[in-house]
Amino acid sequence: MAAPTPARLSPARLVPARLGPADVLRVGGVGLRTRPLRAFLSALGIAIGIAAMIAVVGISSSSRAELDRALDALGTNLLTVEPGNTLFGADAQLPSESVGMIRRIGPVTEVSATGQVADAKVYRSDRIPAAETGGIATRAARLDLLGTVGAEVATGTWLNEATARYPAVVLGATAAQRLGITAADPQVQVWLGGRPFTVVGTLAVAPLAPELDTSALIGWPAATDYLGFDGHPTTVYTRAQESQVEAVRSVLGATTNPEAPNEVEVSRPSDALAAAEATDDAFTGLLLGLGAVALLVGGVGVANTMVISVLERRAEIGLRRSLGATRGQVRSQFLAESLLLSALGGIGGVLLGILVTSGYALSQGWPTVVPAWAMLGGVGATLVIGGLAGLYPAVRAARLAPTEALAAV
């Protein structure tokens, strides 16, 4: 009897192994670990671009936060009145009664004024050449000036009923710096209008009244008695109720000089600060464009790194393909490597940008503000750049045939 014929076994169908997300990241990180210096330099290019953009946005936001904080403290309800020009182009003059007339406006809460004293030059001593004035103006000031404009005394004291009648002076922040005076003292004097004046105080920077920073402020009676001041104010500072600022602004000209309201200029100092902020925004946009160019250059560096990596690792690609790796798996490996490289540069750039912003804001005394959208956008931009930069090298690596890749070695 013949032996039974064994049944023919059908060959098993081989199914390529699947790579999970963790496997893709692990395989993609091999290239970075084996070439650390090249990976670092490529990531550095991305980091510089992101850091530049984060720092620009952060410094701009910190500056804006400081401005908002200052305006909240000083208020946006300050209006200034100054003389304009006559119909014939000559310099106009505010009436000496203008302060009292403005005070009668219902919503007005505070009024003060300064008057520039012509030809009263300020020098550190009588030995200074006449031409070296330092650009310091002499102004007669009313006693309620500081409270109206929101300025503060840095050293010494402000003028009072007594010192306003004698040769005493309070220097603005810039004026004190130019004269080399760091603190007020009864022994410290300056040469003002041809006679010595005792420095009784210095002011801090006045954001809403920058003209005070370069001024030497003396009492209204002293300016009249010692320097021949005519009593006409050149700048009137007015505080109004917040809800009535525009209404007060519309009648200030006619109230200040009823006979010639067209010769009066009314302004709102906080508007100038807002305009400066708008200028900063435009400059910020320009710097962001430069940061984007740096980021693009970094992306080109990543693409170049990945192309070279594919050329150098053809043997590895051929071996993996020979062992059963699919084209999709090879493509995923190199794309993951590009994304990891860019993500490292992006995260490093965000941290570096925050560090630069914090350091600059701290040096200026500003609050540190880095918007969350800037940080998330920076990392997101690097991932997009990394994906685009690694797409072509990944496709090129996947298209290499195993025999071609091995034969090249």
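Heavy atoms only: backbone and side chains are in, while hydrogens, waters and symmetry mates are out. Since we're looking at a predicted model, the values are computed, not measured.
- The side-chain contact (heavy atoms from CB on, under 4.5 Å) test with R139 singles out one residue from T234, T214, V117, and that residue is T234.
- Of the inter-residue distances, the one linking T382 atom OG1 with L341 atom CG reads 10.0 Å to the nearest 0.5 angstrom.
- Put simply, OG1 on T148 and OH on Y237 are 10.0 Å apart, with the number rounded to the nearest 0.5 Å.
- Interatomic distance, E263 CD to D91 CG, rounded to the nearest 0.5 Å: 10.5 Å.
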**Request:** Decide yes or no on side-chain contact (heavy atoms from CB on, under 4.5 Å) for L208 and V149, but give the supporting numbers first.
**Result:** CA-CA 7 Å; L208 293 183; V149 301; 5.8 Å; no

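- Taken to the nearest 0.5 Å, the CZ atom of R178 stands 12.0 Å off from the CG atom of L171.
- How far CG of L335 is from CG of L340: 10.0 Å, rounded to the nearest 0.5 Å.
- In this structure, V248 and A240 approach most closely via the heavy-atom pair CG2-CB, 3.8 Å.
- Within the 4.5 Å cutoff, the side chain of V99 has heavy atoms near those of the R142 side chain.
- Contact of the V370 side chain with the M375 side chain is registered, since non-hydrogen atoms from C-beta on lie closer than 4.5 Å.
- A salt bridge links E246 to R268: at least one charged side-chain nitrogen sits closer than 4.0 Å to a carboxylate oxygen.
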**Request:** Go through the steps for V169 and T138 under the test side-chain contact (heavy atoms from CB on, under 4.5 Å), then give the verdict.
**Result:** CA-CA 9 Å; V169 61; T138 300; over 6 Å; no

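- Rounding to the nearest 0.5 Å places CD1 of I218 at 4.5 Å from CG of L227.
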**Message:** Could you walk me through whether L217 and W158 satisfy the side-chain contact (heavy atoms from CB on, under 4.5 Å) test, starting with their C-alpha distance in whole Å, then the side-chain angles of each, then the deciding distance to 0.1 Å, before giving a yes or no?
**Reply:** CA-CA 10 Å; L217 303 167; W158 175 240; 3.9 Å; yes

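- For R165, the CZ atom is loosely surrounded, since the number of other residues' heavy atoms within 6.0 Å does not exceed 12.
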**Request:** Test V199 against V190 for side-chain contact (heavy atoms from CB on, under 4.5 Å), laying out the working first.
**Result:** CA-CA 7 Å; V199 179; V190 295; 3.8 Å; yes

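- V200 has its side chain within reach of V170: a pair of non-hydrogen atoms, C-beta onward, lies under 4.5 Å apart.
- Side-chain contact check for W220 versus P233: some heavy-atom pair is nearer than 4.5 Å.
- Checked by atom type, the side-chain pair T202/T155 shows a donor-acceptor distance below 3.5 Å.
- For the pairing with T256, the side-chain contact (heavy atoms from CB on, under 4.5 Å) check across V251, V266, T238, L94 returns one residue only, L94.
- Heavy atoms of other residues, nucleotides or ligands lying less than 6.0 angstrom from CZ of F40 number 12 at most.
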